[in-house]
Amino acid sequence: MKKTIEVVSERNHIYRQRVELDGFDDLFVDVPEAYGGEGTAPDPHDYFDLSLGACKAITSKMYARRKKWPLTGISVTVNRDDSQERHGTYRLDVAMTFHGIEDPEQRARLEEISHKCPIHRLMTTSTVEVTTRTVERTAEA
């Protein structure tokens, strides 16, 4: 499946970008003030990290629903350690709480299932190829 995401610089902002994605027009990306941005939106690393947490929660919830387990909600905390990113290591520590699940075996199974979410697998087992090119924009009508 192919998907197109448009990222457009916001006028009157330093680095803020507006993201256009399948009808979602209220997504923005910015840079923290410490790096010269305005800090008006999550930065690209935040979106990377939150995609993992959200995918793990969704995958676990789908599994629990299919099994008819008494899961009432999921809380996920993602902690980032990017201190070694420049050396090729980016660490994410994910803590998950499965509300309504008292059985330790069910909790362990939900954690195990969360490792199979598409984003976890993409981040840990896939080769991602990025092609970047410059294109000429046609005049706006």
Side-chain angles (χ1 to χ4, degrees), residues 1-140:
M1 172 167 89
K2 290 187 178 186
K3 182 170 264 196
T4 299
I5 299 170
E6 293 275 338
V7 179
V8 181
S9 293
E10 287 275 279
R11 295 180 192 261
N12 303 319
H13 289 278
I14 301 169
Y15 297 120
R16 185 175 162 110
Q17 306 293 308
R18 178 175 36 84
V19 179
E20 298 172 5
L21 168 65
D22 291 341
F24 296 101
D25 55 1
D26 57 349
L27 298 173
F28 296 92
V29 182
D30 200 355
V31 175
E33 290 180 32
Y35 294 101
E38 299 164 280
T40 62
D43 76 12
H45 284 86
D46 294 333
Y47 280 103
F48 183 82
D49 303 350
L50 75 82
S51 68
L52 177 64
C55 188
K56 284 178 164 289
I58 291 166
T59 300
S60 299
K61 190 162 190 168
M62 291 172 124
Y63 185 84
R65 243 181 126 181
R66 198 167 45 248
K67 292 290 191 176
K68 296 184 178 9
W69 288 354
L71 181 67
T72 58
I74 302 172
S75 299
V76 180
T77 303
V78 180
N79 288 300
R80 170 193 318 156
D81 176 358
D82 59 2
S83 63
Q84 297 298 310
E85 182 180 0
R86 290 177 188 240
H87 302 288
T89 301
Y90 187 85
R91 291 183 177 90
L92 296 175
D93 176 71
V94 181
M96 301 182 74
T97 302
F98 301 108
H99 306 283
I101 301 291
E102 300 301 325
D103 182 339
E105 289 181 16
Q106 287 180 344
R107 285 196 305 266
R109 181 66 178 144
L110 289 172
E111 179 189 333
E112 182 183 326
I113 289 299
S114 81
H115 300 315
K116 297 178 184 201
C117 86
I119 299 299
H120 184 119
R121 290 189 313 200
L122 179 67
M123 290 177 170
T124 59
T125 63
S126 296
T127 298
V128 177
E129 297 178 3
V130 177
T131 302
T132 305
R133 64 189 184 290
T134 301
V135 296
E136 296 296 322
R137 285 295 244 192
T138 58
E140 304 264 338

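Starting from 1, each residue takes its place in the sequence as its number.
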Listed pairs under 3.5 Å, donor-acceptor, residues 63-72 side chains, sequence neighbours left out:
| unit_1 | atom_1 | unit_2 | atom_2 | d |
| --- | --- | --- | --- | --- |
| Tyr63 | OH | Arg109 | NE | 3.1 |
| Thr72 | OG1 | His99 | O | 3.2 |

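Remark: Thr4 OG1 to Glu20 CD distance equals 11.5 Å, nearest 0.5 Å. In this structure, CG on Leu110 lies 7.5 Å from CE on Met96, to the nearest 0.5 angstrom. Here the OG1-CE distance, from Thr59 to Met62, works out to 7.0 Å after rounding to the nearest 0.5 Å. To the nearest 0.5 angstrom, Ser114 atom OG is 8.0 Å from Leu52 atom CG. Rounding to the nearest 0.5 Å gives a distance of 8.5 Å between CZ of Arg18 and CG of Asp25. Atoms CG and NE2, on Leu92 and His45 in that order, are 9.5 Å from each other to the nearest 0.5 Å.
Checked against ring-ring contact (aromatic ring centres under 6.0 Å, His included), His13 has no partners two or more places apart in sequence or in another chain. Thr97 is linked by a side chain to side chain donor-acceptor pair (under 3.5 Å) to nothing, counting only residues two or more places apart in sequence or in another chain.
With a 4.5 Å cut-off on side-chain heavy atoms, Leu122 and Val128 count as touching. Looking only at side-chain heavy atoms (C-beta outward), Asp93 and Asp81 stay at 4.5 Å or farther from each other. Within the 4.5 Å cutoff, no side-chain heavy atoms of Thr40 are placed close to those of Phe28. When side chains are defined from C-beta on, Tyr15 does not count as touching Glu38, because their heavy atoms never get closer than 4.5 Å. Side-chain contact between Lys3 and Leu21 is present, with at least one heavy-atom pair separated by less than 4.5 Å.
For the pair Ala57 and Ile74, the tightest heavy-atom approach, listed with the atom from each and the gap, is O-CD1, 3.2 Å.
The backbone N or O of Glu102 sits less than 3.5 Å from a side-chain atom of Arg107, completing a donor-acceptor pair. Thr124 contributes a side-chain N or O that, together with a main-chain N or O of His120, makes up a donor-acceptor pair within less than 3.5 Å.
Atom OH of Tyr90 is surrounded by more than 12 heavy atoms from other residues, nucleotides or ligands within 6.0 Å.
Looking at Asp46 and Arg80, a side-chain N of the basic residue comes within less than 4.0 Å of a carboxylate O on the acidic one, giving a salt bridge.
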